[in-house]
Amino acid sequence: MLKNRYAVPVLFLLFFIWSVIRTGFSIRDLIAGVPNLSNFIGCMFPPAWDTFVPLISPAIETIQMAFLGTVFAVALSMPVALLAANNITPSKPVKVFARSIIAFTRTVPDIVFALIFVSAVGLGPVPGILALAIHSVGMLGKLYAEAIEEVDPGPVEAVEAVGAGKLQAVHYAVIPQVTPSFVASTLYRFDINVRSSIVLGLVGAGGIGFELIMAMRLFRYHEMLTILIIIFIVVMLSEWASNSIRAHVIGEEVLK
Amino acid sequence: MLTVDHLSKRLPGGKLLLRDINFSVGEGEFVAILGLSGTGKTILLRCINRLTTPDGGEIVLTDNGTPLNITQSNASEIKEVRRRIGMIFQSFNLVKRRSVIENVLIGKLGRISMVRSLMRRFEDDDIEMAHRALNRVGISDLADRRAGTLSGGEQQRVAIARSIVQDPCLLLADEPVANLDPTTAEVVMEHLRSISVDNGISALAVLHQPELARKYATRVLGVRDGVIVYDGDAGLSDDDFETIYGSNDA
Ligand SMILES: Nc1ncnc2c1ncn2[C@@H]1O[C@H](COP(=O)(O)OP(=O)(O)OP(=O)(O)O)[C@@H](O)[C@H]1O
Ligand SMILES: [Mg+2]
């Protein structure tokens with residue numbers, strides 16, 4: 001008993017110390033790096049405003065990558081979630097298969113998918129869209145399946161009891177019940193995908209991220225700052241958009 | 001028109017819940033099922049429309065002279081059977097986020113093409129039939145409301161309208177008024193009786209109040225310990241009451 005009580009904290013502490021030593025993490029180096037960092041940031045000022053307008057186009061591309069990636073992810077996730085949900089799946093092997101897809105796409109990071117697709121189809125937004133679409137299935141498929149499993153079985157049985165098929169029961173009794181939670185999960189994933197598509201740009205998948213890595217490689221520090229400002233605006237705008245849609249959907253819930 | 005023969009049903013744990021159920025329901029009859037909580041009345045109803053698969057015995061539904069063997073049916077025959085059997089649930093089981101009229105139209109889903117149903121496009125005739133059904137149960141003004149915003153009594157009337165549109169030959173009802181106040185319960189029971197009489201639909205209703213059975217049913221079945229212990233007049237004597245509900249050692 002007593003041993004168990006100390007085991008976790010002691011293991012935690014030992015692993016912490018080992019990690020600090022092994023990664024060479026030191027506060028002194030960190031402090032020594034501060035002048036370099038401020039020097040670097042200083043070099044970025046002022047932002048290169050003349051590059052602002054030409055950078056709007058890649059910024060839009062980033063949002064469009066996230067948008068298309070999310071749309072395709074929704075289309076892929078819905079059937080996978082239906083096959084993975086305990087209460088809807090046609091059989092155990094199908095369920096295991098669908099859950100494996102969800103586990104696999106969630107485990108492999110989107111950047112790994114992006115690297116694979118960039119080498120397959122070349123630079124540009126398309127490999128980014130594919131990577132987002134596939135990796136998002138891991139999260140959306142899981143959240144959708146959980147929502148489907150929480151559905152009230154009563155209306156589903158009522159539809160089946162009139163002699164309707166399973167597909168009709170899903171369409172008439174399951175989908176209406178899961179719509180609010182599907183909308184919320186999808187918007188949440190869209191927010192994540194906007195940020196991810198910026199990161200994917202760094203490995204060549206187009207958009208504003210690609211501009212950032214190019215500016216960095218060419219030591220265009222003023223342009224980098226402009227890009228960071230644009231990224232900030234893009235993220236704020238997309239979060240504002242998804243919040244408004246969420247509020248609209250939830251508002252409808254309360255009113256009607 | 002419905003014959004249940006030596007029906008048995010075991011629980012997942014292995015306990016034999018329904019041991020040997022035998023009864024029949026004739027054309028136009030309104031039969032009430034009474035019995036203690038947990039005797040398997042709900043499971044009995046679910047065996048009849050195959051929401052549950054029985055373990056033994058036979059159930060045969062005869063519609064227009066055609067006998068359908070419910071216990072022997074395969075998946076597509078089960079759908080055919082279900083089309084002819086309406087079901088009213090204690091908790092109404094409407095799709096709350098859809099309109100009342102769409103909930104009523106669900107009654108038609110067993111009879112329209114898959115493509116049409118997935119597009120949620122119903123024939124004008126069917127829509128008109130749904131409105132007439134709502135009118136029948138006195139809530140035609142609620143057609144466009146979201147089903148979830150209705151009171152319990154209104155929701156159960158929508159469920160009845162759904163069954164009217166389905167046009168079954170047998171109606172099953174599992175404690176249709178258990179969630180309603182006494183006055184609303186009477187209204188709902190009255191609607192059930194009237195569609196049974198007017199549309200020539202036989203009804204089999206699980207009830208928990210013998211007074212409702214006496215008032216609305218033409219016959220009562222008492223279920224106890226997996227068998228039918230009473231099959232007869234809806235007016236129960238004290239002895240009959242004891243047979244169905246009394247403590248065993250009394
Ligand atoms: N899926 C299930 N798994 C295990 N036991 C079950 C299952 N469904 C029902 N039972 C059990 O079967 C018994 C009969 O259930 P049923 O719902 O048919 O009773 P009932 O007569 O309708 O009771 P009530 O009057 O309370 O509605 C109960 O003891 C219940 O716990
Ligand atoms: Mg019951």
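Chain letters run A, B, ... following the sequence lines, proteins first, then strands; residues in each count from 1. Hydrogens, waters and symmetry mates are skipped; everything else that's a heavy atom, side chains included, is used. Bear in mind the structure is a predicted one, so any value in this text is a computation, not a measurement.
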Could you tell me which portion of [X] (side chain, backbone, both or neither) has an atom closer than 4.5 angstrom to a non-hydrogen atom of chain A?
{"X": "B/Arg84", "result": "neither"}
{"X": "B/Leu94", "result": "backbone"}
{"X": "B/Lys108", "result": "neither"}
{"X": "B/Arg120", "result": "both"}
{"X": "B/Ser91", "result": "neither"}
{"X": "B/Ile85", "result": "backbone"}

Is it the case that the ring center of A/Phe182 lies less than 6.0 angstrom away from the ring center of A/Tyr144?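 Between A/Tyr144 and A/Phe182, the centre distance is under 6.0 Å.
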Please determine if A/Arg246 and A/Glu239 form a salt bridge, counting it only when a charged side-chain N lies under 4.0 Å from a carboxylate O. no
Could you tell me whether B/Arg82 and A/Glu160 have a side-chain N and a carboxylate O separated by less than 4.0 Å? no
If we define contacts as heavy-atom pairs under 4.5 Å, which of A/Gly154, A/Gly163, A/Ala158, A/Ala169 has the most with chain B?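 Counting heavy-atom pairs under 4.5 Å, the top option is A/Gly163.
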Selection from A/Ala173, A/Ala164, A/Gly165, A/Pro153 maximising heavy-atom pairs under 4.5 Å formed with chain B: A/Ala164
Where do B/Glu80 and B/Arg83 land on the salt bridge (charged side-chain N to carboxylate O under 4.0 Å, His left out) test, with the steps shown first? CA-CA 5 Å; B/Glu80 193 48 53; B/Arg83 266 165 223 160; 2.8 Å; yes
Which one of B/Leu109, B/Leu172, B/Asn103, B/Leu118 has the most heavy-atom pairs closer than 4.5 Å to chain A?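 Counting heavy-atom pairs under 4.5 Å, the top option is B/Leu109.
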Chain A interface, residue from B/Arg98, B/Met87, B/Glu102 that has the most non-hydrogen pairs under 4.5 Å: B/Arg98
Within a radius of less than 6.0 Å around CZ of A/Phe67, do more than 12 heavy atoms belonging to other residues, nucleotides or ligands occur? no
Counterpart residues, ring pair (Phe, Tyr, Trp, His ring centres under 6.0 Å), relative to A/Tyr172 (two or more places apart):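 Once residues adjacent in sequence are excluded, A/Tyr172 has no partner under the ring pair (Phe, Tyr, Trp, His ring centres under 6.0 Å) criterion.
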Looking at A/Ser77 and A/Ala73, would you say the former's side chain and the latter's main chain have a donor-acceptor pair under 3.5 Å?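 Yes, A/Ser77 side chain to A/Ala73 backbone: donor-acceptor pair under 3.5 Å.
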